*Asks:* 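Here it is: the structure, laid out below.
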There are 2 protein chains.
Amino acid sequence: MNSPKLPSPPSSDHEPEGGLEGGRKRATINDIARLAGVSKKTVSRVINQSPFVRDETRERIEAVIAEWGYAPDPQARGLAFRRSFLIGMIYDNPNPQYVVNMQLGLLDGMRGSGFELVVHPCNRASPTFLADVRTFVERQKLYGVVLPPSVSEDERVAKLLNEIGCAYIRIASVELDKPEHMIVGHDRMGGAQAARHILDLGHRRIAFISGPATFRSSHERRGGFEAALAERGLTLQPSDIIQGAYTFESGVACGDELLARTPRPTAIFAGNDEMAAGVLQSARKAGLSVPADLTVVGFDDFQIAQAVWPPLTTIHTPTREIGRMAAEKLIDAERRERREERDPARTEPTLVVRQSSGPAPVV
Amino acid sequence: MNSPKLPSPPSSDHEPEGGLEGGRKRATINDIARLAGVSKKTVSRVINQSPFVRDETRERIEAVIAEWGYAPDPQARGLAFRRSFLIGMIYDNPNPQYVVNMQLGLLDGMRGSGFELVVHPCNRASPTFLADVRTFVERQKLYGVVLPPSVSEDERVAKLLNEIGCAYIRIASVELDKPEHMIVGHDRMGGAQAARHILDLGHRRIAFISGPATFRSSHERRGGFEAALAERGLTLQPSDIIQGAYTFESGVACGDELLARTPRPTAIFAGNDEMAAGVLQSARKAGLSVPADLTVVGFDDFQIAQAVWPPLTTIHTPTREIGRMAAEKLIDAERRERREERDPARTEPTLVVRQSSGPAPVV
DNA sequence: CTGAAAGCGCTTACAG
DNA sequence: CTGAAAGCGCTTACAG
């Protein structure tokens, strides 16, 4: 609401025009036009890949562009287009590994495109959350935004973006929107894979630690898990399901509660690796050996899965790959579709078996 | 070298001018000028906090600005200023937690300033590294850049930035440049703290696992450690120092090597938490109990320090705080100096004692 | 203290 | 297929 402080204009001391050595000014569209003997408008057409340029003319202009290493000024282009060449990543996610992997994936998909990535962490619970998003998108005239969970699951954000006409991609565990706005992670499949693995090991006393209700993935992972259990005739009691917060600490607390019960579960599926690591900690405190006394399975396959002892059996999610696909979808729908035809991209999770899971103890 | 593909112009289908509901166009400087009965130049003076505006005029204009929620278009302003309001973070750092904390800190320091953060991970070993940095900075006309380690330690980058006249802040463990370009982390102090803690526990057979030589922090942490040891009459032999790569896996490998020796070290100081976690893993494989048989001390105090067993005694570094200071220094030198006077910001590391360190075993 | 003119480097209409 | 004019929303010189 209150107007933000504005940046001061750049100070002009210490910086003689053009710097010390790299003083040769960069070419502009006017330079290229003059050099190629055409109007700037025709150069503009070449830049924007307009079909209405004679091949010969195009080639001449492209040669001059290449010779001078000309690249159009994104700021000027943006001003004229009324839209910047900036892509925003708006997120509220507690996991650094997820955030970094997602950023890397988006950058993978943007490489060589001339776009840049502007990061915008936020707090979905803040009373100014929506206003903040709106200000960010409108003021920067973002080309588009990518929304990972749980921001992706906020219908108010999607509605806002539609209203102000900003392109967006939602990354979520399930199809929440029109296909052109979605990259789907299919967390449900991952939950099912975890269930089958645990069942294959002979476990019957099984517990599930859910993520927070505010994340759709919590429900999907649980849903897939329960469904696959049901296929083999096993039903989880309400008491077999307890809720964590996707954090290590909540994993410890949930583990403490579960492992104090009689009878004790012989296998615990945690909604993510952080919580699974917490369960490992809890088992150690209880004097339990993993996997001899207890099987623990996580979800995500982030680094922590390999840093704990024993290394976690977990469900791998291709976060970076998903990011790449999101960026490509946002930037260039046509090219993406062609690519998908010949190289169908996978966003499905896969089971990774390590040492935290083993046969059910013989009673 | 080869010109990048250019973004396509925004497609005009599906998006009727002005969106669905938020269709009222945002006010421009012309609107404000007309409404306030002044020229746009005078509005511009108010925006840029020029002192050459009569108080009465200023107040009238500010009232109109507030009433209309006007905010100048950063793209247009940037085009006229020949400089954007974008701040770049250029980094090549393997630790997601560090990257995310640094980003959060930069954002803390930028909040309400009207600047935005553009992230630019890179590969310092790439043959096109310097050219990439140059292209990024020049094409986006960045207002300034922040360089965390190890990019901050690359003198070629600093030289380049000076040449093209781009403001920059280097974050490093030691003063590498003029004070106005530096935020210093004083890793040396942290190394000394680790040494004193280990000595206080009675250890004499001590080993050090260094980070990669390409990180200045590796040398500083080691230097502080050795100096504090020397103060108490202890000198590390060359064989007591081995080199890792700041990764979990390298920590395991170095731990394996160290723990196979006779006599075995009773305390290991690892250059960061990842490697310390690796040593823990290695100790477990060797059947050693921590801290009864072996003391392990890390550096950084990232989340992994608390997720492993036993939780790591480590040296806490205020990464996010350092990021905040870097952004503030870049954006507004004057305000920063005043703030530092009354609230001297600390960037020094501090010892955090947890359960991976204990008295030297009685022989 | 204030303003009219020109310009930043592009693109959008509009002609031809 | 190509171009001259006007404009995107600001700021920089330059006057007064």
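Note: hydrogens, waters and symmetry copies are ignored here, and every other heavy atom, side chains too, is used. A, B, ... follow the sequence lines: proteins, then strands. Residue 1 opens every chain. What you see is a predicted model, and the numbers here were worked out from it, not measured in a lab.
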*Asks:* Rounded to whole angstrom units, what separation is found between the CZ atom of A:Phe81 and the P atom of D:dG9?
*Replies:*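 That distance rounds to 15 Å.
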*Asks:* Return whichever of A:Leu79 or B:Val53 has its heavy-atom-nearest nucleotide of DNA chain C closer to the 5' end.
*Replies:*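 Result of the comparison: B:Val53.
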*Asks:* Please round to the nearest 0.5 Å and tell me the distance separating atom CD1 of B:Ile169 and atom CE of B:Met325.
*Replies:*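 Interatomic distance, B:Ile169 CD1 to B:Met325 CE, rounded to 0.5 Å: 10.0 Å.
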*Asks:* Closest-nucleotide mapping onto DNA chain D: is B:Ala76 or A:Thr57 further toward the 5' terminus? I mean the 5' end.
*Replies:*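 It is A:Thr57 whose nearest nucleotide is closer to the 5' end.
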*Asks:* Output the rounded distance in Å from CD (A:Glu56) to C1' (D:dT2).
*Replies:*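 After rounding, the gap between these two atoms is 13 Å.
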*Asks:* Apply salt bridge (Lys or Arg N to Asp or Glu O under 4.0 Å) to the pair A:Arg324 and A:Glu328, showing each step before the final yes or no.
*Replies:* CA-CA 6 Å; A:Arg324 201 209 75 216; A:Glu328 287 179 349; 3.3 Å; yes
*Asks:* Which distance, rounded to the nearest 0.5 Å, do you find between the CD1 of B:Ile32 and the OG of B:Ser44?
*Replies:*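 The distance works out to 13.0 Å.
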*Asks:* Just the rounded figure in Å: distance from P of D:dC10 to CD of B:Gln75.
*Replies:*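 Spelled out: CD on B:Gln75 to P on D:dC10 is 11 Å.
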*Asks:* How far does CG of B:Leu142 sit from CZ of B:Phe115, to the nearest 0.5 angstrom?
*Replies:*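 Output value for this atom pair is 11.0 Å.
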*Asks:* Return the value, rounded to whole Å, for the distance between atom CZ of A:Arg77 and atom P of C:dT11.
*Replies:*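 About 5 Å, once rounded to whole Å.
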*Asks:* Using whole Å, what does the distance between atom C1' of nucleotide C:dG7 and atom CD1 of A:Ile29 come to?
*Replies:*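 One finds 16 Å between C1' of C:dG7 and CD1 of A:Ile29, rounded.
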*Asks:* Nearest whole angstrom, please: distance from the P of C:dG16 to the CZ of A:Phe52.
*Replies:*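 A:Phe52 atom CZ is separated from C:dG16 atom P by 19 Å.
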*Asks:* Would you give the length of the straight line joining atom CG of A:Leu147 to atom NE2 of A:His181, rounded to the nearest 0.5 angstrom?
*Replies:*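 Nearest 0.5 Å value for the CG-NE2 distance: 10.5 Å.
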*Asks:* What I want to find out is whether A:Asp73 reaches A:Arg26 closely enough, with some N-O distance under 4.0 Å, to be called a salt bridge.
*Replies:*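 No, this pair does not count.
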*Asks:* Rounding to a whole Å, what distance do you find between A:Arg82:CZ and D:dC8:C1'?
*Replies:*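 Computing the A:Arg82:CZ to D:dC8:C1' distance gives 5 Å.
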*Asks:* Looking only at heavy atoms, what is the nearest atom pair of A:Arg170 and A:Ala158, with distance?
*Replies:*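 Minimum heavy-atom separation between A:Arg170 and A:Ala158: NH1-CB, 3.5 Å.
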*Asks:* At under 4.0 Å, does any side-chain N or O of B:Asn48 touch on OP1 or OP2 of D:dT11?
*Replies:*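 For B:Asn48, the contact criterion (side-chain N or O under 4.0 Å from OP1 or OP2 of D:dT11) is met.
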*Asks:* D:dG9 C1' sits how many Å from B:Trp68 CH2, rounded?
*Replies:*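 Taking CH2 of B:Trp68 and C1' of D:dG9, I get 17 Å after rounding.
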*Asks:* Quick one: list whatever passes ring-ring contact (aromatic ring centres under 6.0 Å, His included) with B:Tyr91, sequence neighbours left out.
*Replies:*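 Checked B:Tyr91 against ring-ring contact (aromatic ring centres under 6.0 Å, His included); zero matches.
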*Asks:* Establish, for the pair A:Arg83 and A:Tyr143, whether the NZ or CZ atom is under 6.0 angstrom from the six-membered ring centre and no further than 45 degrees off its axis.
*Replies:*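 The answer is yes, since A:Arg83 meets both limits relative to A:Tyr143.
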*Asks:* For nucleotides 3-6 of chain D, list the nitrogen or oxygen atoms of the protein found under 3.5 Å from its nitrogen or oxygen atoms, one pair per line.
*Replies:*
from	atom 1	to	atom 2	distance (Å)
D:dG3	OP2	A:Ser39	N	3.0
D:dG3	OP2	A:Ser39	OG	3.2
D:dG3	OP2	A:Thr42	OG1	2.6
D:dG3	N7	A:Arg45	NH1	3.3
D:dG3	N7	A:Arg45	NH2	3.4
D:dG3	O6	A:Arg45	NH2	2.7

*Asks:* Where each pair must be Watson-Crick or G-U wobble with both distances under 3.5 Å, what dot-bracket representation of DNA chain C is obtained, with crossing pairs in [ ] and other-strand partners as |?
*Replies:* |||.||||||||.|||
